[in-house]
Each structure stands twice: as C-alpha cells, then as structure tokens.
Amino acid sequence: MRPDRIGGDSWWRQAVVYQVYPRSFADANGDGIGDLAGITSRTPYLASLGVDAVWLSPFYPSQLADGGYDVDDHRDVDPLLGSLDDFDELVTALHREDIKLFVDIVPNHSSTRSAWFREAMEAEPGSPARDRFIFRDGRGQSGALPPSDWPSHFGPSAWTRTRNADGTPGQWYLHLFAPEQPDYNWDNEDVREYFRGTLRFWADRGVDGFRIDVAHALVKDLSEPLRSKPVFVDFDNPPTGDDVLFDRNEVHDVYRDWRRIFDEYDPPRVAVAEAVVSAPRRVLYTRSDELHQAFNFDLLNSYWSRDEYHAAIESSLTHAREAGTSSTWVLSNHDNVRHATRYGLAEGVEPTTWLARGADPTLLDPDLGSRRARAATLLMLALPGSAYLYQGEELGLPEVADIPIDRLQDPIWVRSSGELKGRDGCRVPLPWTADGAAFGFGPGASHLPQPRWFADYAVDVEDDDPHSTLSMYRAAISLRGRLAVNEDLTFLPSEHGVLHFARTASWESVTNFNLTAVTLPPGTVMLSSEPLNGDLLPAGATAWIAPDESPAPI
Ligand code: NOJ
Ligand code: CA
C-alpha cells in the first residue's frame, strides 16, 4: 500500500491522476480498439507508475462522432469495449492496487442515437419528449434560418434542422458540439433526475470520482428572443455569470444538488469540473457545497517561459486557497497537442496551426521538446494540488503529426472543412513493446496508425532504462508521495529565467527556462529531468533538491 498523502477523505487534494483514453490504451481481443479488459490487464503497469487514481474517458455506447463524448447510454459499456462485468473487474483490479477510479460524466449533451433523442424526433414540436432537448422553430421564411447565430465548438452552426416523418423540413435542435451531440435542456426535470440516477449508478458500482465534461455549459439562457452569441470563447467579458451559453450562475444549483449525492456515500465521492473559465470563475465550481476541484489549463496554455509559469502558479494557488480547494495541473490531455511536441516548436508557432499546415519539420526540434517536457513535468509534480497525467506522456510520446487524412477520426477535421487537423495525433494507441503487432497494443492492428518511431518509446524499452522518461515519472511520483506532506509553496529568489520554490524544509524544485546552464542552488539533488554535470543545471531542466540543512527525507 502506498502511504496516504493528505489522507482519508481528502485523498484527492494532492492526487496524481492518470487519464486513460480507453480506445487507445490496450486492446485485449485484437479488434484494433482498446477495451476495458485491456486496461485491467495493465493494472500492474498503472501500479508501477504509482498513480493514485485513473480517470477513464468515456467508454459508453457511442457512434464515435466525438471520440465517445457522444453518449448513447450513460449507464452501459460500449459492446466494442466490453461489458458491465468487465467494468466491475476493472474496478476490483484497480482497488486491489489501491488505485481510485474516476469516470467521465457528459451532462451537456446526448447522442442522436440515445433512446430519448429518438423519441423526441418521433414526437411533436412542443411535446414533453422534445423538451428534454433544445428544439426551436427556425427563423425567416418557412423557418429556413437557424433559430440563433450560436456557433458550434466544432463549427459552423450549433443548430441542425430536422426532417418531419413526411420528409418536410422540421424544427431545429441545438448542439454546441457535433450534430450527433444534441444538447440536453437542463430546465427539464427528467434530465436532472437522469443524471442524479447516473451518478448513483456508477457510485454504487464503486467509482470514487467523476470528471464533469464541459461543466460550465449545462444551463443556457433560453429566453425568447434568443440572445445573440456570435463569439464562441469570451469567458471573461464580462465575467458576471450572465453569458448566454456558458458559466451561468444557475449552473451552480446543479452542482449543489450533486454534492448532496456525493456526500451520501462513504467515503464521499468526489468530482472535478472541466470548466473552461477564468481562474476567479473557475473556483466558484469548487465551493464547499459544490464540486471538489476544477481543471486548470493554465500550464497547458503556457509557453516555455519562466514568467508565464510563475504567474500561472501564483494565480492558481491563490484562487484555489481562497476557495478552500487545491489546484489541479495539466500539461497534456486527449484534446491537445502533446507537450513533448508543443515545447519543441519554434518560438511563436501555434501548435494546432502548425499541425493544420502540414507539420513542417523545420519548425520542430524534437529533442528540445522532449527535454522541456520532462522539465515541465518534474516542475508540475512538485506543485501542491493534483496532477492530471495523460496516457503516453510518461513515455515522452510526441504528437503523431502525419496521420494520413483518410484515417482521421476527429469531427474537427471534417467540420472545419480541413482547416484544422483535430485531436487524433494525441490519441494514437500506446506502444507497449518495441516489436510485435501494433507495438503490443493488441494482437491485431490499431484503429489509428502508429508510426514506426513508436518503437523507441515503447514501455519495454523505457522500462529497462534508468534514464528514460518513464523511469523519471516513476521516481518523481514515488518521491512526491513521501515529500508532499503539506500544500505550502514559497517562491525563492532566483537568477533571470529560473523558477525556484520550496515546498517543505526538505524539498525544493528549480527549473532553468534559459538557453544556457545555470548554477544549481546549494543542496543535494534528489532527482533531475536531465543528467547533471557538477553544480550546473542545464538549459531546459528541473531538479528537486534537499537543501543542505534540511531534515533527511522520510
Ligand atoms: C471536452 C472533451 O474533453 C472533448 O474531448 C469533447 O470533444 C468535448 N468536451 C465535448 O464533449
Ligand atoms: Ca478490443
């Protein structure tokens, strides 16, 4: 058993949570798609990493219009990924290793294949079945124009017109994401009750926590006439809670309701919100009677810059402390270009634009990216709060930037008319072995093509190398488990381009963001992201230091 960090019911405050994207983790039956049995078979690997919890991205029945975030039935397992029995086995296997489990709850939208949406399509305008979603008549002559100018996140319009049974054009329905993902109407009591039941369904099966997808979007201002919302992302202007579509004050009633459910359980279930809002608004989701944490993408959105990191850390910690929660930290996830690639791009090159324009290799320095990614991770793992890791980052995996266009799966590719490449490059199935079918992902092929260079990053290669990224992650997670005995952090004076802070009397972290080496602060190096030479910290490196006068680590 690993030692309890900040233990008991507060385990989540400084957890290391490992995100599994189930279709791309491990394929037990060889159909090319990762499955729950595959994850169970890799429980020893997860235990060897030392993570506190696993977060599973959706594994529910889905037509895969959005990588599983289009959910047909929230209370079942996609037959391609297994069964509820497989799920129970996974919970048992993880708990046996003292690893907790988060599942993804997707409450903003459904799927056009869900029983409720099909019922709504059969029903009349104005019927109770349609009221569970957001159906409206169109504007203009014979309703040919969408009811409002609201854009879909995947572009272009957030409205799709239906057809009546006789083939004539009908009402429109709202989908903030793909057309296959109709938004629920959170003013409807059936919807609220369905999600209460869904949370209980998974909590009863032993799930420890929930990740709440687009938590800030559930409640909309649907008063007539519908207000204009031509710009999609403008979270901060004005941050009053009266935007048409996002971060409305009323959404917090939903989370107060859910908190009562979480607290019915022993131990209480916990939740982390994906609320893509500014730091002061973000912590509103984590008030003591709402959710526990909210994702903080400030590091993910920071360039390789000491000042950006410093500002992001300072503001995140201050806001979290004021709200009585702990911060979260993220460098990579299933929606973003992997950080080993982001940090290798030439200054000023925006990652998704680089991908979309053919991933020009002259703009990428893979070695630099890999060094900086390791340094960033070691810095992140020294911060108070919870670190959310994304499968494959522990191998230092770069983005797969050259997936053939006819193999792309992400709706962003089609819906942006090929202007954006989408997120498949970070969702390519993991390499477990340097040889063999699909690099050990499974006995068959893999649903997204793996490049030949995946062999260099295979788990069995890195397992045996004490200097590999995998070895660094294992060492860092284990050390952190012993050292993170409180949530304090004090910035220390440092040279230009260096970020140096103390966590406890026996634990400091120092990162060199410069292009040349700097002198290490005094003390004993416990761990570093690069091999060290004398008392120098190389460019793009982090070291954890026990100050000379410090008590020995426990
Ligand atoms: C956020 C998820 O992380 C992303 O993958 C998904 O496309 C959207 N929410 C819609 O569910
Ligand atoms: Ca499979």
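Any value given below was found using the heavy atoms of this structure, including those in side chains, with hydrogens, waters and symmetry copies removed. As the structure lists them, so they are numbered: ligands from 1, and atoms in each ligand from 1.
- Checked against the Ca ion (ligand 2), the N, O or S atom of Asp31 at the shortest distance is OD1.
- Taking the six-membered ring for Trp and the full ring otherwise, Tyr343 and Tyr303 have centroids separated by 6.0 Å or more.
- Listed by number with element, the atoms of ligand 1 under 4.0 angstrom from any heavy atom of His334 are 2 (C), 3 (O), 4 (C), 5 (O).
- The ring pair (Phe, Tyr, Trp, His ring centres under 6.0 Å) test with Phe295 is passed by exactly one of Trp55, Trp329, Phe102: Trp55.
- The pair Lys220-Asp187 does not count as a salt bridge, with every side-chain nitrogen at least 4.0 angstrom from each carboxylate oxygen.
- Geometry at the Ca ion (ligand 2): OD1/Asp27 and OD2/Asp35 form an angle of 90°, nearest 10 degrees.
- Of all protein heavy atoms, the one lying nearest to atom 9 (N) of ligand 1 is Asp213 OD1, 2.8 Å.
- Residues Tyr184 and Phe195 bring their aromatic ring centres within 6.0 Å.
- A salt bridge is absent between Asp72 and Arg118; no separation between the charged side-chain nitrogens and carboxylate oxygens falls under 4.0 Å.
- Not a single heavy atom of His153 lies less than 4.0 angstrom from ligand 1.
- The Ca ion (ligand 2) has an N, O or S atom of Ile33 closer than 3.0 Å.
- Protein heavy atom closest to atom 5 (O) of ligand 1, with residue, atom name and distance, is Asp335 OD1, 2.7 Å.
- Listed by atom number, the atoms of ligand 1 under 4.0 Å from Arg423 heavy atoms are 4 (C), 5 (O), 6 (C), 7 (O).
- For the ring pair (Phe, Tyr, Trp, His ring centres under 6.0 Å) with Trp432, the lone residue among Phe439, Phe25, Phe441 that qualifies is Phe25.
- Protein heavy atom at the shortest distance from atom 6 (C) of ligand 1 is Asp66 OD2, 3.4 Å.
- Contact annotation for Phe154 and ligand 1: only side-chain heavy atoms (C-beta onward) come within less than 4.0 Å of the ligand.
- For Phe133 and His109, the ring centers are positioned 6.0 Å apart or more.
- Looking at atom 8 (C) of ligand 1, its nearest protein heavy atom turns out to be Phe177 CE2, 3.8 Å.
- Annotation for ligand 1: atoms under 4.0 Å from non-hydrogen atoms of His109 are 10 (C), 11 (O).
- Each of the following atoms of ligand 1 lies closer than 4.0 Å to a heavy atom of Arg427: 5 (O).
- The residue Gln19 has no part lying near ligand 1, judged by heavy-atom distances below 4.0 Å.
- Comment: Arg259 does not engage Asp289 in a salt bridge, judged by the lack of any side-chain N to carboxylate O separation of less than 4.0 angstrom.
- Looking at Lys421 and Asp410, no side-chain N of the basic residue comes within less than 4.0 Å of a carboxylate O on the acidic one, giving no salt bridge.
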